[in-house]
2 protein chains.
Amino acid sequence: MPDSLRQFKTEIFQALANPTRIAILDELREGELTVSDIVRRLEVEQSNLSQHLAVMRARQIVLARKSGSQVFYSVRDPLIFQILDLMRRYFQNQVSESIILLEESEHRSKIKGRRVASRRS
Amino acid sequence: MPDSLRQFKTEIFQALANPTRIAILDELREGELTVSDIVRRLEVEQSNLSQHLAVMRARQIVLARKSGSQVFYSVRDPLIFQILDLMRRYFQNQVSESIILLEESEHRSKIKGRRVASRRS
DNA sequence: TTAGCATATTAGTATTCGCTCATTTCCGTA
DNA sequence: TACGGAAATGAGCGAATACTAATATGCTAA
């Protein structure tokens, strides 16, 4: 595994490691939007949004198309959405595993409870 | 898309956004390893490695199993590797797209070169 | 019980990040 | 040309990160 690949992965993960940026990408799932569209939808400060977009532009995650005084943004490669979706699956796995662990420990404490009860009688 | 999911994604991406941590996960693809195994393979400072492992332990990306005076680490959910692999595909996409763009621009500059040449003649 | 590995934790520091506020640049139009 | 809206950029600041060096904890074996 070459070092350049790890460096690349690091930079993309880093660009994705922010809730606002993830929200931006989610908004762009259906297609391109202008900056002010996104401002309206996310209720975030314009300059803040612009900085987040700059981060993703720098990593080429997002493309900017200028039209008049507006700029339309879109994601360059929909594979990004697959990554986000995989992360959702990962989340679901963790949640269901946690539930299983929880149920198991509840089960054990019920058994323990019965043991204590019978000991008392 | 609930906020908690975005928060979760952010935290995992953040944990993955470091070349040493990606290297650690790559080492763990074949199965569990002790801390000193990883130190040897990655040639990284032991305390530094321990901190990286702590980061991934905190996010439950990695599990620690204690055996005597050693600690074996393993990845909790192999879905992590799928995410890493998707990122590799993403990298390859970008690279090949860049090559295409490069070839196109070379093509154009050859045409331009011919135009200039013909203009000069 | 002590010596010596294996691992974790802490302190200190330089760097990066994310935000707000202010300003700038660029474009369309009166 | 001047004005107003859209977007980008820059300064400043507190919080988080990554690293090194030093120290602590915990286990094993003499």
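A note on names: the letters A, B, ... follow the listed sequences, proteins ahead of strands, and every chain is numbered from 1.
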| task | Sort and list the pairs that fulfil salt bridge (charged side-chain N to carboxylate O under 4.0 Å, His left out) and have at least one residue in residues 2-25 of chain A, not counting sequence neighbours. | result | A:Arg6-B:Asp26
| message | I need the full list of salt bridge (charged side-chain N to carboxylate O under 4.0 Å, His left out) pairs touching residues 57-71 of chain A, with sequence neighbours left out, sorted by first then second residue. | response | A:Glu32-A:Arg65
| said: I need a per-nucleotide contact map over nucleotides 1-12 of chain D, read 5' to 3'. Cutoff is protein heavy atoms under 4.0 Å; write B for the base, S for backbone only, - otherwise. | reply: -----SBBBBB-
Would you please name every residue forming a side chain to side chain contact (heavy atoms under 4.5 Å, CB included) with [X], sequence neighbours left out?
X: A:Ser36; answer: A:Thr34, A:Arg40, A:Gln70
X: A:Pro78; answer: A:Phe81
X: B:Leu63; answer: B:Ser74, B:Arg76

| query | So where does chain B start and stop touching DNA chain C, 5' to 3', when the test is distance under 4.0 Å to a non-hydrogen atom? | reply | C:dA6 to C:dT10
| field | Sub-4.5 Å side-chain heavy-atom contact between B:Leu33 and B:Phe72 | value | no
| field | Residues in contact with DNA chain C, drawn from residues 9-22 of chain B - heavy-atom cutoff 4.0 Å | value | none
Validation: residues 84-94 of chain B side-chain donor-acceptor distances under 3.5 Å, sequence neighbours left out:
residue: B:Asp85; atom: OD1; partner: B:Arg29; partner atom: NH1; Å: 3.2
residue: B:Asp85; atom: OD1; partner: B:Arg29; partner atom: NH2; Å: 3.0
residue: B:Asn93; atom: ND2; partner: A:Asp77; partner atom: OD2; Å: 2.9

| All salt bridge (charged side-chain N to carboxylate O under 4.0 Å, His left out) counterparts of B:Glu45, not counting sequence neighbours | none
| remark: The residue, A:Glu45 or A:Ser67, whose nearest nucleotide of DNA chain C is more 5′ is A:Glu45
| task | Would you please name every residue forming a side chain to side chain donor-acceptor pair (under 3.5 Å) with B:Gln82, sequence neighbours left out? | result | none
| field | Residues which pass side chain to side chain donor-acceptor pair (under 3.5 Å) with B:Glu97, listed by chain and number, not counting sequence neighbours | value | none
| query | Looking at B:His52, does any N or O in its side chain come under 4.0 Å of the phosphate oxygens OP1/OP2 on D:dC19? | reply | yes
